[in-house]
Amino acid sequence: MKRVRRFAAVLCTACMALALTACGGKEKEVTVDTAALASDLLETVTSDTLTETASDMLPSIYFFEEDTIEAGTAYASSGTTACEIAVVQSKDADNTASVEKLFQTRVDNQSDLYASYNEGEVARLDTAIIKSAGAYTVLCVCDDVDKANDILEEYGF
């Protein structure tokens, strides 16, 4: 009887270990329509009037290499506020970390700029959202950070 209990205990431990390793390490597959997500954020989380940025201008604004980006949609303020929304799909999910860094550089540069003439916008930039999921990366500088995070969660971020 002791052998049966010992065997059952070892078997249960092995099953639990397998169950835990089966859950870890896999990222869920995320597919996002960059234009739809950017539009949802635009309509919901900012009161400022933002203008869509031409897609061929994104590499010069955010300084990423053109050949690393599959698609992207961005909206920016005229300069009155720091509000900005950018959704980018990298050609390879391994590029998202570099896109995040470039978005952070953008936020830092904007923060330095606004500190010189509209310091109230620096607080908005301090709460900028930069998130990645799969091959997608989002930058969102907006009025309603909580609502933006809710929308991003719905899209898989």
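This is a predicted model, so every value here is computed, not measured. One is the number of the first residue; the rest follow in order along the sequence.
The shortest non-hydrogen separation linking Ala148 to Cys142 is CB-SG, 3.9 Å. Nearest approach of Leu42 to Thr46, heavy atoms of both residues: O-CG2, 3.5 Å. The two residues Thr80 and Ser77 make their nearest non-hydrogen contact at N-OG, 3.6 Å. Thr73 and Leu58 get closest at one heavy-atom pair: N-CD1, 4.1 Å. Across every non-hydrogen atom of Gly156 and Val30, the tightest pair is O-CG2, 3.9 Å. Contact detail for Arg124 and Cys83: the closest heavy-atom pair is NH1-SG, 3.0 Å.
In this structure, CD1 on Ile151 lies 8.0 Å from SG on Cys140, to the nearest 0.5 angstrom. Remark: Phe103 CZ to Ser98 OG distance equals 10.0 Å, nearest 0.5 Å. Once rounded to the nearest 0.5 Å, the distance linking CD of Glu119 with OG of Ser111 reads 9.0 Å. The CG atom of Leu50 sits 11.5 Å away from atom CD of Glu43, with the distance rounded to the nearest 0.5 Å. To the nearest 0.5 angstrom, Leu152 atom CG is 6.0 Å from Leu37 atom CG.
Side-chain atoms of Val107 and Ile130, non-hydrogen and from C-beta on, do get closer than 4.5 Å to each other. Taking 4.5 Å as the limit, every side-chain heavy atom of Leu41 sits out of range of all side-chain heavy atoms of Tyr75. Val138 places none of its side-chain heavy atoms less than 4.5 Å from the side chain of Tyr155.
Counting only N and O atoms by type, the side chains of Thr96 and Glu100 include no donor and acceptor under 3.5 Å apart. Side-chain atoms of Gln104 and Asp108 form a donor-acceptor pair, as typed in the model, at a separation below 3.5 Å.
Looking only at distances, no side-chain donor or acceptor of Asp92 sits under 3.5 Å from a matching main-chain atom of Asn95. With hydrogens and angles disregarded, a donor-acceptor distance shorter than 3.5 Å links the side chain of Thr105 to the backbone of Lys101. The backbone N or O of Ala35 lies less than 3.5 Å from a partner atom in the side chain of Asp33, making a donor-acceptor pair. The closest donor-acceptor contact from the side chain of Thr44 to the backbone of Asp40 lies under 3.5 Å. Without hydrogens or angle criteria, Tyr136 side chain to Lys131 main chain gives no donor-acceptor distance under 3.5 Å. A donor-acceptor distance shorter than 3.5 angstrom exists from the side chain of Asp143 to the backbone of Ser47, with no hydrogens or angles considered. A donor-acceptor contact shorter than 3.5 Å links the side chain of Tyr114 to the backbone of Thr81.
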Q: Mind running side-chain contact (heavy atoms from CB on, under 4.5 Å) on Phe157 and Asn149 for me, showing each step along the way?
A: CA-CA 8 Å; Phe157 287 84; Asn149 278 315; over 6 Å; no

(Q) Set out, in order, the CA-CA distance, both residues' side-chain angles and the distance that settles side-chain hydrogen bond (donor to acceptor under 3.5 Å, both in side chains) for Thr34 and Gln89, then state yes or no. (A) CA-CA 7 Å; Thr34 60; Gln89 177 187 5; over 6 Å; no

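With Val145 as the partner, the side-chain contact (heavy atoms from CB on, under 4.5 Å) test is satisfied by one option alone out of Val45, Thr127, Asp150: Thr127.
Hydrophobic clustering of Ile, Leu, Val, Met, Phe, Trp and Tyr side chains at less than 4.5 Å, counting indirect connections, keeps Val88 apart from Val32.
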Atom pairs and distances, donor-acceptor, side-chain atoms in residues 61-70, under 3.5 Å, two or more places apart:
from	atom 1	to	atom 2	distance (Å)
Tyr62	OH	Glu84	OE2	2.6
Thr68	OG1	Glu65	O	2.7

